[in-house]
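This structure is a prediction, so every number in the text was calculated from the model and none was measured. Order of the sequence lines sets the chain letters (A, B, ...), proteins ahead of strands, with each chain counted from 1.
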Amino acid sequence: MSVSHFRKQSLLFLLTVLLLSLPFGFPQTAKAQEFDRMHYIYDDAHLLTSEEAVELQTLAADLGGQRETSFIILTLNGTDGKDIVQYVEDYYDDNAPGYDQPHGNTAILAIDMQERDIYLAGFKKAEQYLNDGRLDVIREEITPALSDGQYFQAFSQFLNISYEYMGQEPTSDSGGYTDYGSSGGYVGQNSYETGSDAENIFFQWWFQLISSLVVAGFVVTIMANRSGGRVTVNGQTYMDRNKSRVLSKYDNFTHQTVTRQRKPQNNSSSGGGGGITGGGHSHSGSRGKF
Amino acid sequence: MILHYKCPGCGSDMSFDAESGALSCQSCGRHENIENYPEELKSLRFSEDEANEYHCENCGAVLITDTETAATHCSFCGAGVVIADRLSGNLAPSKVIPFMISKEQATTAFQKWCRKGLLTPKGFMNGDRIKSMTGLYVPFWLYDLNSKVQVNATGTKVRTYTQGDYIYTETKYYDVFRDINLDYVKIPVDASEKMNDGLMDKLEPYPYDQLKDFKTPYLAGYLAEKYNYSHEELLPRAKDKISDYIESYIQSTLTGYHSIRIRDKQIDTKNQKSDYVLLPVWLVSYDYNHSNYIFAMNGQTGKVVGKPPISKGKVASWFSGIAVGTFFALKCVSYFMGGGF
Ligand SMILES: [Zn+2]
Ligand SMILES: [Zn+2]
């Protein structure tokens, strides 16, 4: 019988491992596979010459590589009847862009020529680094060029400023953007020191390892303590329900205090910050007209 | 078995006068009507030639059984016992829960329990090293406790709302009072010196519907440990046992607040009644790896308690299994949250 017990135990273990490793076997959805995650410029409204498009593609790949983020530019002629925010959210859900994985770090600049809408969105790491305030700054910075029809200039500005912001932790500086100039001259912080999602402790392997050891230690300790039997009675076991009760009580309101706090600063007039996509991805955002 | 009546005036024994149908005290001459004689002064005592007391010369255990049963070995250490006394005049238990599980059933149940141990060494799991299996009546005091609780507290309810450019946090303060009556009945506290208190607590609950009026024949074939502590001595432990119950009951009446701060709490617990009872326990002495392990089994429900040996190898394999599993699970979660694998 000890053999059968041992088998049961190892079977259980094997099953657990199998179960846990299952998700890796799932094929990615067909749609996500069609999408080329190395392609960043989608000029459906034909605003760029092919040289310009190539140059922006190169710049996006270069800057994005250093920040481990997909910088995507979409130019649209109509948004299938959707609102531009909805369009961008669906775009992220359906195409699953990201630097090193589907639904990864992504910053999207979308402009719609029909409504003359502009929307910027940041996902994952870009949601934190390109928060609503920072996206507002970028949007305000590039809107004049867009209104002038200087699309190439506006798009390269977007890439450069986003790149800069992706290199600075978003502390309390949200408004404090210094002018980085509009040309491609970005300063040389040539590598991003801590790897992707450094700020989220949950993604750190050492954190995961320590948690696993703590959980295992906890469970085994409980098992060891329970091996000797445990207390299975509680207050209900011995209480005489007929006689035990609240004899009298009161809840008298005495006084109240009210404190007030200024609401966190909203986005600028045009509004439309971040949100959550239908697929459950939260993001930052900034919308406006040009 | 003899009923004893203690004189409410001087404390000596009263005797029943058949002619007058009343109780009379030899020393102070007091008379009491038997109908309205207070229950708590009545006690049951062993009569002559009814029960014997044995002493273990090795561990000092004091055991009792009926005169028909010849006790030879100590239930706790297995050493020989010597007869010490006739038990006449000693306090007898008022109630008993008889053994429900026979020795054979107890042995089978114990072996089954051994097999279930997830951390016990393989050699232990066979359950074939039972050295002895002894049915023992363990002395308990069953307390009926009444607690009067009065609690004064300050509760707060918090509400936030937005108006204009501001977020307002409104905190309402309440003066809260609760007057609670709590009755806990038959709280068992073992009056045995030999039995580990923690072990005995884990054996609960006992099916109280099986409580029978004590009669000496229930002892036939079994040993009972003689009680070592009086109900006065153990009352603090009974109160301690219900203190957590009282706390959680108080908490359950203070709901609906965001925070509650208790300013004043009065708990007055009184002993309403305490009964000397015998509860059935199978003691299993088990030999493993040259060490002796003692387990206890509830003689009515079959619940087993006691510290089995722990296999280091099994602990290690469970530990690493769970750690690896959790690590993979976390990796998966982080992967789906977009943190990379
Ligand atoms: Zn008297
Ligand atoms: Zn002994």
Side-chain angles (χ1 to χ4, degrees), chain A residues 1-2 5-6 9 13 16-17 20-21 23-24 98 100-101 103-105 124 196-197 200 202-203 208-209 211-213 215-217 219-220 223-224 227-235 237-240 243-263, chain B residues 115 117-120 122 125-126 155 162 165-187 201-202 204-205 244-245 248-249 253 303-308 310 315 318-332 334 336 338-340:
Chain A
M1 64 195 70
S2 65
H5 178 86
F6 185 71
Q9 201 181 335
F13 175 56
T16 317
V17 171
L20 287 166
S21 51
F24 305 106
D100 52 355
Q101 64 182 95
H103 294 125
N105 309 329
K124 298 287 146 64
S196 78
D197 286 302
N200 194 337
F202 187 74
F203 296 148
Q208 294 168 344
L209 186 68
S211 315
S212 315
L213 295 177
V215 168
V219 172
V220 173
M223 283 167 72
S227 68
R230 63 201 169 87
V231 174
T232 49
V233 292
N234 56 39
T237 317
Y238 299 112
M239 194 171 80
D240 182 344
K243 292 194 207 145
S244 302
R245 63 201 159 88
V246 176
L247 301 173
S248 71
K249 65 181 223 170
Y250 59 72
D251 297 78
N252 294 339
F253 171 75
T254 54
H255 63 286
Q256 71 172 40
T257 60
V258 178
T259 57
R260 69 173 195 178
Q261 190 188 0
R262 191 171 263 285
K263 256 196 264 182
Chain B
R115 253 172 273 146
L118 293 170
L119 295 178
T120 42
K122 264 189 231 168
M125 286 163 70
N126 302 334
T162 317
D165 280 345
Y166 291 93
I167 298 169
Y168 292 83
T169 307
E170 174 196 278
T171 310
K172 285 190 156 133
Y173 292 84
Y174 291 84
D175 180 20
V176 180
F177 171 76
R178 298 286 182 270
D179 184 8
I180 303 166
N181 180 73
L182 286 172
D183 274 287
Y184 290 103
V185 293
K186 295 192 173 62
I187 298 284
D201 288 350
K202 287 177 183 167
E204 294 170 37
D244 285 348
Y245 303 162
S248 67
Y249 190 89
T253 68
K303 184 178 181 183
V304 179
V305 302
K307 268 267 156 255
I310 300 256
V315 168
W318 274 99
F319 180 85
S320 47
I322 295 167
V324 168
T326 314
F327 188 66
F328 268 93
L330 284 175
K331 279 282 180 204
C332 290
S334 100
F336 283 106

> Which one, A:S227, A:G217, A:A224, leads in non-hydrogen pairs under 4.5 Å with chain B?
Replying inline: A:S227

> chain B: which of A:V233, A:L213, A:L209 shares the most heavy-atom pairs with it under 4.5 Å?
Replying inline: A:V233

>> For a quick test of reading the model, state the closest non-hydrogen atom pair linking A:R245 to B:Y249 and the distance between them.
In response: CA-OH, 3.5 Å

> Given the rule in the salt bridge (charged side-chain N to carboxylate O under 4.0 Å, His left out) test, do B:E204 and B:K202 qualify, once you have shown the distances and angles that lead to the verdict?
Replying inline: CA-CA 5 Å; B:E204 294 170 37; B:K202 287 177 183 167; over 6 Å; no

>> So for B:T162, is it side chain, backbone, both, or neither that comes closer than 4.5 Å to the heavy atoms of chain A?
In response: side chain

>> If the condition is side-chain contact (heavy atoms from CB on, under 4.5 Å), which residues does A:N234 pass it with, not counting sequence neighbours?
In response: A:Q236, A:T237

> Taking the six-membered ring for Trp, are B:F177 and A:Y250 ring centroids under 6.0 Å apart?
Replying inline: yes

> What residues, two or more places apart in sequence or in another chain, satisfy side-chain contact (heavy atoms from CB on, under 4.5 Å) together with B:D183?
Replying inline: A:D240, A:K243, A:S244, B:N146, B:N181

> Considering only heavy atoms, which portion of B:I310 lies under 4.5 Å from any heavy atom of chain A: side chain, backbone, both, or neither?
Replying inline: side chain

> Which pair of heavy atoms, one from B:Y174 and one from A:D251, lies closest together, and at what distance?
Replying inline: CD2-O, 4.1 Å

> For A:V219, is it the side chain, the backbone, both or neither that has a heavy atom under 4.5 Å from a heavy atom of chain B?
Replying inline: side chain

> What part of B:V185 is in contact with chain A, defined as an atom under 4.5 angstrom from a non-hydrogen atom: side chain, backbone, both or neither?
Replying inline: both

> What part of B:T169 is in contact with chain A, defined as an atom under 4.5 angstrom from a non-hydrogen atom: side chain, backbone, both or neither?
Replying inline: both

> So which of A:T232, A:V246, A:T257, A:V231 has the largest heavy-atom pair count under 4.5 angstrom toward chain B?
Replying inline: A:T257

> What part of B:K186 is in contact with chain A, defined as an atom under 4.5 angstrom from a non-hydrogen atom: side chain, backbone, both or neither?
Replying inline: backbone

> Relative to the ring of A:H255, is the ring of B:Y173 parallel (under 30°), tilted (30 to 60°) or perpendicular (over 60°)?
Replying inline: parallel

